[in-house]
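Numbered from 1 within each chain, the chains take letters A, B, ... in sequence-line order.
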Amino acid sequence: MHWSKLYIPTLRENPANAEAVSHRLLLRAGYIRQLTSGIYSYLPLAQRVLLKITEIVRTEMNRIGGQEFLLPALNPAEVWKESGRWEVMGENMFRLKDRKGADLCLGMTHEEIFTAIARDEIRSYKQLPQIWYQIQTKFRDEARPKSGVLRVREFIMKDSYSFNIDWEGLDAAFEAHREAYCRIYKRCGLEFAIVEASSGAMGGSKSSEFMVYSDAGEDWIASCPDCGYAANVEKATSRIPKIEDEEGPNSPEEFPTPGVRTIEDLTKFPGGAPAQSQIKTLVYVLDGKPALVLMRGDHQLNDTKLADATGAVNIRPGHAEEIKDLLGALPGSLGAVGVENILIVADNALRGRKNMTTGANRDDFHLRGVDIDRDIAVKKWAELRNVASGEGCPECDSTLRVDKAIEIGHIFKLGTKYSESMGAKVLTAEGKEVPIIMGSYGIGVGRIMASAIELYNDSDGIIWPASIAPFEVVVTPANFSDVAQREAAEKLYNELKESGIDVLLDDRDERPGVKFKDADLIGISYRVTVGKKLKDGKVELFTRKTKQSRDVLLADAVSEVKAELSAALTNI
RNA sequence: CGGGGAGUAGCGCAGCCUGGUUAGCGCGCCUGCCUUGGGAGCAGGAGGCCGGAGGUUCGAAUCCUCUCUCCCCGACCA
């Protein structure tokens with residue numbers, strides 16, 4: 001490929017409106033352009049990267065017996081109604097009507113469609129197991145697209161689904177995917193972590209996420225440096241010191257707390273209490289029904305944990321008016337003492353606590369001396385608390401840390417959620433009809449691209465892992481008007497191409513500085529500069545990652561490049 | 001959905017507060033000369049419905065009202 005013929009619209013200046021590093025560099029290096037919020041056009045360089053990634057994904061999926069499909073992105077409402085997700089997906093689903101007025105949607109994921117195929121076609125255990133996958137565009141109407149290609153409304157995803165007759169088969173398919181994913185990310189050159197995750201709206205028993213640690217991420221991961229425990233904070237637990245309370249009064253005592261609205265206020269108020277001796281009362285609406293959520297004063301509720309613990313799908317904090325109607329007081333003076341007929345969910349950290357302080361459900365009044373077991377009708381105890389850095393690892397004596405990460409893959413043991421709701425059943429060897437046991441496995445292709453940039457960049461631009469770089473090598477004649485340099489560069493370019501290397505020739509009549517800057521910016525792994533040393537039969541081999549260059553004989557250039565590349569590709 | 005910011009040339013921005021001939025600057029782009037090892041130089045040139053609609057005014061990029069879009073923080077999010 002000749003640079004002069006390729007559309008690579010690099011920008012000299014940093015684009016406005018691009019905060020995340022990957023967003024800024026993808027725009028500046030001419031990989032993407034935004035069409036509208038959360039929707040991007042992928043220019044030729046990006047398409048080359050995406051194709052390299054999907055090719056790696058494809059070979060590894062095929063290796064575990066996956067069979068590639070291509071399913072419709074445009075789906076009829078019926079299938080989604082069968083699984084119940086037409087409602088569950090809410091506003092995140094793009095919906096439309098056809099000319100006859102029938103409801104359609106754009107697929108957010110494809111459990112329903114693949115399950116429908118399995119239901120219609122698979123009758124016998126003899127046809128199982130199956131692993132089916134596709135690499136296809138998904139649509140989600142995100143409330144807030146952000147960070148360039150990291151959180152978008154239209155994106156490419158590899159999604160696969162396993163179908164088994166028994167749970168052992170699911171375990172095997174899950175494990176096969178786990179291993180395939182490790183190979184995929186490793187081959188893409190990413191450093192990644194596998195963490196325990198919440199299954200959320202997908203349903204199912206167990207799920208693991210594949211994460212790249214990065215400040216550009218939106219997930220928080222708790223991990224233990226000693227034993228290797230790692231979990232999304234939506235799932236993570238931790239050890240915290242037990243608190244021994246002094247005995248309090250025989251019944252709660254109400255006391256005035258004018259102006260006190262927050263936990264913090266009450267810690268400073270004369271006669272108040274330290275945060276860890278307060279009960280924080282939150283009003284949530286769970287699938288339309290109000291509930292009180294009780295946390296220790298210094299702890300934060302994790303919404304996903306609340307949803308998982310209660311089985312609720314749609315959860316939101318209550319509005320001030322709802323709360324006033326419900327409890328008779330405004331936030332700042334809420335409590336659960338004496339509350340009946342409302343679901344009360346409490347965090348495990350409050351178990352057995354006594355002599356606590358909480359709101360009195362009367363504005364500007366609190367209660368002290370509250371004994372949870374005695375005074376509050378807790379219906380459900382659960383792990384609801386956000387773990388924090390510095391708390392104890394749940395699996396060893398060490399200490400947890402919490403870091404930000406980008407989710408690049410997620411694998412689920414679905415079980416029979418979809419096969420049961422949609423009637424995908426097969427006959428066993430004994431002639432019994434049973435639901436197919438399913439797994440679901442996703443990889444965000446665009447996120448792999450963006451994560452690689454977040455991980456590997458410097459002030460000059462992108463530093464691609466060679467395996468997913470749009471080109472492995474660029475041949476740069478310092479002065480293309482110089483006949484000797486031009487001819488040597490073209491010859492070298494042809495030789496590299498013939499030996500199967502992905503090579504670009506910078507045939508532009510630009511000054512060398514421009515070509516070097518552009519090559520660095522777009523992140524090509526190696527550059528061979530054909531310049532003034534040509535008269536000694538030498539060219540320079542420049543490594544983007546290290547910015548080191550060394551002279552090699554022109555005659556040896558092809559083999560030197562090959563050696564560098566194969567070293568780079570096996571080291572990752 | 002709440003809070004904040006921004007829409008002026010392909011990109012990055014100034015001008016707006018305090019209305020007034022032809023709306024500027026840098027980069028990029030085109031032509032020519034010159035130059036060729038880290039985004040050169042000189043000369044000439046093209047390119048704007050100042051996001052949209054309505055209003056105030058003799059006169060609006062500038063003031064007022066409405067509206068659309070984008071970005072950031074939060075809420076939200078397999």
Side-chain angles (χ1 to χ4, degrees), chain A residues 9-20 23-24 27-28 30 33-39 83 85 88-93 107-112 138 140-148 150-153 155 157 159 161 197-204 207-210 217-219 232 234 303-304 307-308 313-317 319-320 407-414 417-418 439-444 447 459-461 476-482 485-486 506 508-521 527 529-534 539-540 542 547 549:
Chain A
T10 58
L11 304 172
R12 247 179 225 237
E13 290 170 276
N14 277 323
N17 289 340
E19 208 78 358
H23 187 198
R24 177 168 58 78
L27 282 169
R28 186 156 170 223
R33 289 294 184 259
Q34 186 181 68
L35 217 210
T36 185
S37 180
I39 300 184
S83 70
R85 289 161 110 198
V88 170
M89 290 309 194
E91 291 190 308
N92 256 24
M93 179 180 259
M108 310 173 69
T109 169
H110 281 73
E111 279 77 12
E112 279 80 358
K138 308 287 187 210
R140 291 181 197 177
D141 194 1
E142 295 288 346
R144 185 151 97 84
K146 58 183 286 199
S147 306
L150 280 173
R151 181 157 215 87
V152 282
R153 298 194 291 170
F155 57 96
M157 183 177 197
D159 51 319
Y161 305 86
S198 161
S199 300
M202 292 293 296
S207 81
S208 299
E209 286 172 328
F210 293 76
E218 297 181 89
D219 286 274
N232 195 306
E234 294 173 349
D303 286 5
T304 305
D308 288 348
V313 175
N314 288 308
I315 74 173
R316 62 168 176 85
H319 304 138
E407 179 187 353
I408 52 172
H410 202 160
I411 57 181
F412 296 85
K413 289 188 181 176
L414 288 179
K417 176 178 157 87
Y418 296 89
S440 155
Y441 317 88
I443 288 182
R447 279 190 179 176
S459 56
D460 287 314
T476 306
N479 181 355
F480 201 67
S481 311
D482 180 301
Q485 284 184 22
R486 181 170 70 219
D506 194 346
R508 296 176 298 169
D509 189 16
E510 290 283 359
R511 295 166 63 86
V514 173
K515 301 193 202 187
F516 296 157
K517 287 286 186 191
D518 270 344
D520 287 352
L521 180 61
R527 185 181 80 220
T529 309
V530 180
K532 50 195 175 196
K533 292 172 192 156
L534 181 65
V539 294
E540 278 169 45
F542 173 88
K547 287 185 166 170
S549 65

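Using a cutoff of 4.0 Å between basic side-chain nitrogens and carboxylate oxygens, A:Glu111 and A:Lys417 are not scored as salt-bridged. Here A:Lys138 pairs with A:Asp159 in a salt bridge; the nearest charged N to carboxylate O distance falls below 4.0 Å.
The separation between A:Asp509 atom CG and B:U31 atom P is 12 Å, rounded to whole Å. A:Asn92 has its CG atom 7 Å from the P atom of B:A78, to the nearest Å. At whole-Å resolution of the value, CG in A:Asn314 and P in B:A78 are 10 Å apart. Here the C1' atom of nucleotide B:G10 and the CZ atom of A:Arg12 are 14 Å apart, to the nearest Å. Taking atom CG of A:Asp482 as the reference point, atom P of B:G37 lies 11 Å away to the nearest angstrom. B:C1 atom C1' lies 13 Å from atom CG of A:Asp141, rounded to whole Å. Atom CD1 in A:Ile315 sits about 10 Å away from atom P in B:A78, given to the nearest Å. Per the geometry, NZ belonging to A:Lys517 stands 15 Å off P belonging to B:G37, to the nearest Å.
Across all strands, A:Glu91 comes closer than 4.0 Å to no nucleic acid atom at all (heavy-atom distances). Base contact: A:Phe542 has a heavy atom under 4.0 Å from a base atom. Base engagement by A:Glu510 is indicated by at least one non-hydrogen atom pair under 4.0 Å involving a base atom. Across all strands shown, A:Arg316 has no heavy atoms under 4.0 Å from either base or sugar-phosphate atoms. Within 4.0 Å of A:Ala478, counting heavy atoms only, lies at least one base atom of the nucleic acid. Within 4.0 Å of A:Arg28, counting heavy atoms only, lies at least one base atom of the nucleic acid. Within the nucleic acid shown, A:Thr36 comes within 4.0 Å of sugar-phosphate atoms alone, with no base atom in reach, counting heavy atoms only. When heavy atoms are screened at a 4.0 angstrom cut-off, A:Lys515 is found touching no nucleic acid atom at all. No contact: A:Thr476 has no heavy atom under 4.0 Å from any strand. Using a 4.0 Å heavy-atom cutoff across all strands shown, A:Arg33 reaches no nucleic acid atom at all.
Straight-line distance between the P atoms of B:C72 and B:G26: roughly 30 Å, to the nearest whole Å. A gap of 10 Å separates the C1' atoms of B:G52 and B:U69, to the nearest Å. Spacing between B:U65 and B:C73 at atom P, rounded to whole Å, works out to 29 Å. If you take atom P in B:C63 and the same atom in B:U18, they sit 8 Å apart, rounded to whole Å. B:G45 and B:G4 have their P atoms separated by 47 Å, with the value rounded to a whole Å. B:A78 and B:A61: their C1' atoms are spaced 47 Å apart (whole Å). The separation of B:U62 from B:G55, taken at their P atoms, amounts to 14 Å, rounded to a whole angstrom. Atom name P, nucleotides B:C76 and B:C29: the rounded distance is 47 Å, in whole Å.
The shortest distance between the side-chain N/O atoms of A:Arg511 and the OP1/OP2 oxygens of B:U35 is not below 4.0 Å. Between A:Gln485 and B:U36, a side-chain N or O to OP1/OP2 separation shorter than 4.0 Å is absent.
Comparing atom distances between the A:Arg144 side chain and each of B:G26, B:A78, B:C72 picks out B:C72 as nearest. Here B:G37 is the nucleotide among B:G37, B:A78, B:G74 with the atom lying nearest to any side-chain atom of A:Glu540. Comparing atom distances between the A:Leu521 side chain and each of B:G38, B:G39, B:C70 picks out B:G39 as nearest. For A:Asp518, counting side-chain heavy atoms from C-beta on, the closest listed nucleotide (B:A75, B:G39, B:G74) is B:G39. Comparing B:C73, B:U36, B:A78 by their closest approach to the side chain of A:Pro512 singles out B:U36. In the set B:G39, B:C71, B:G37, the nucleotide with an atom closest to the side chain of A:Phe516 is B:G37. Distance from the side chain of A:Arg140 is smallest to B:A78 among B:A40, B:C70, B:A78. When each of B:G39, B:C13, B:G74 is scored by its nearest atom to the side-chain atoms of A:Lys146, the top-ranked nucleotide is B:G74.
Mapped onto RNA chain B by nearest heavy atom, A:Thr529 and A:Glu19 fall at different nucleotides, with A:Thr529 at the one closer to the 5' end. Two residues, A:Ser37 and A:Pro15, neighbour RNA chain B, and the one matched to the more 5' nucleotide by heavy-atom proximity is A:Pro15.
In this structure, B:G26 and B:C11 make a Watson-Crick or G-U wobble pair, each of the two defining distances being under 3.5 angstrom. Under the Watson-Crick or G-U wobble criterion, with both distances below 3.5 Å, B:G74 is paired with B:C1. Pair assignment for B:C63 gives B:G55, based on Watson-Crick or G-U wobble hydrogen-bonding distances that are each under 3.5 Å. The partner of B:U31 is B:A43, by the rule that a Watson-Crick or G-U pair needs both atom distances under 3.5 Å.
For A:Asn14 against B:G12, a side-chain-to-base donor-acceptor contact under 3.5 Å is absent. At a cut-off of 3.5 angstrom, counting only N and O atoms as typed in the model, there is no donor on one side facing an acceptor on the other between the side-chain of A:Glu13 and the base of B:G28. A:Asn479 contributes no side-chain N or O that forms a donor-acceptor pair with the base of B:G37 under 3.5 Å. At a cut-off of 3.5 angstrom, the base of B:G39 holds no donor-acceptor pair with the side chain of A:Arg508.
To the nearest 0.5 Å, atom CD1 of residue A:Ile408 and atom CG of residue A:Leu150 are 11.0 Å apart. Summarising the geometry, atom OG1 belonging to A:Thr10 is positioned 12.5 Å from atom CG belonging to A:Leu27; distances are rounded to the nearest 0.5 Å. In this structure, the separation between CE on A:Met93 and CZ on A:Arg85 is 7.5 Å, given to the nearest 0.5 Å. The CZ atom of A:Phe480 sits 8.5 Å away from atom CG of A:Asp506, with the distance rounded to the nearest 0.5 Å.
Here the closest non-hydrogen pair linking A:Asp518 and A:Arg508 is OD2-NH1, 3.0 Å.
Under a cutoff of 6.0 Å and an axis angle of 45°, A:Arg447 and A:Phe155 do not form a cation-pi pair.
With hydrogens and angles disregarded, a donor-acceptor distance shorter than 3.5 Å links the side chain of A:Arg140 to the backbone of A:Met108.
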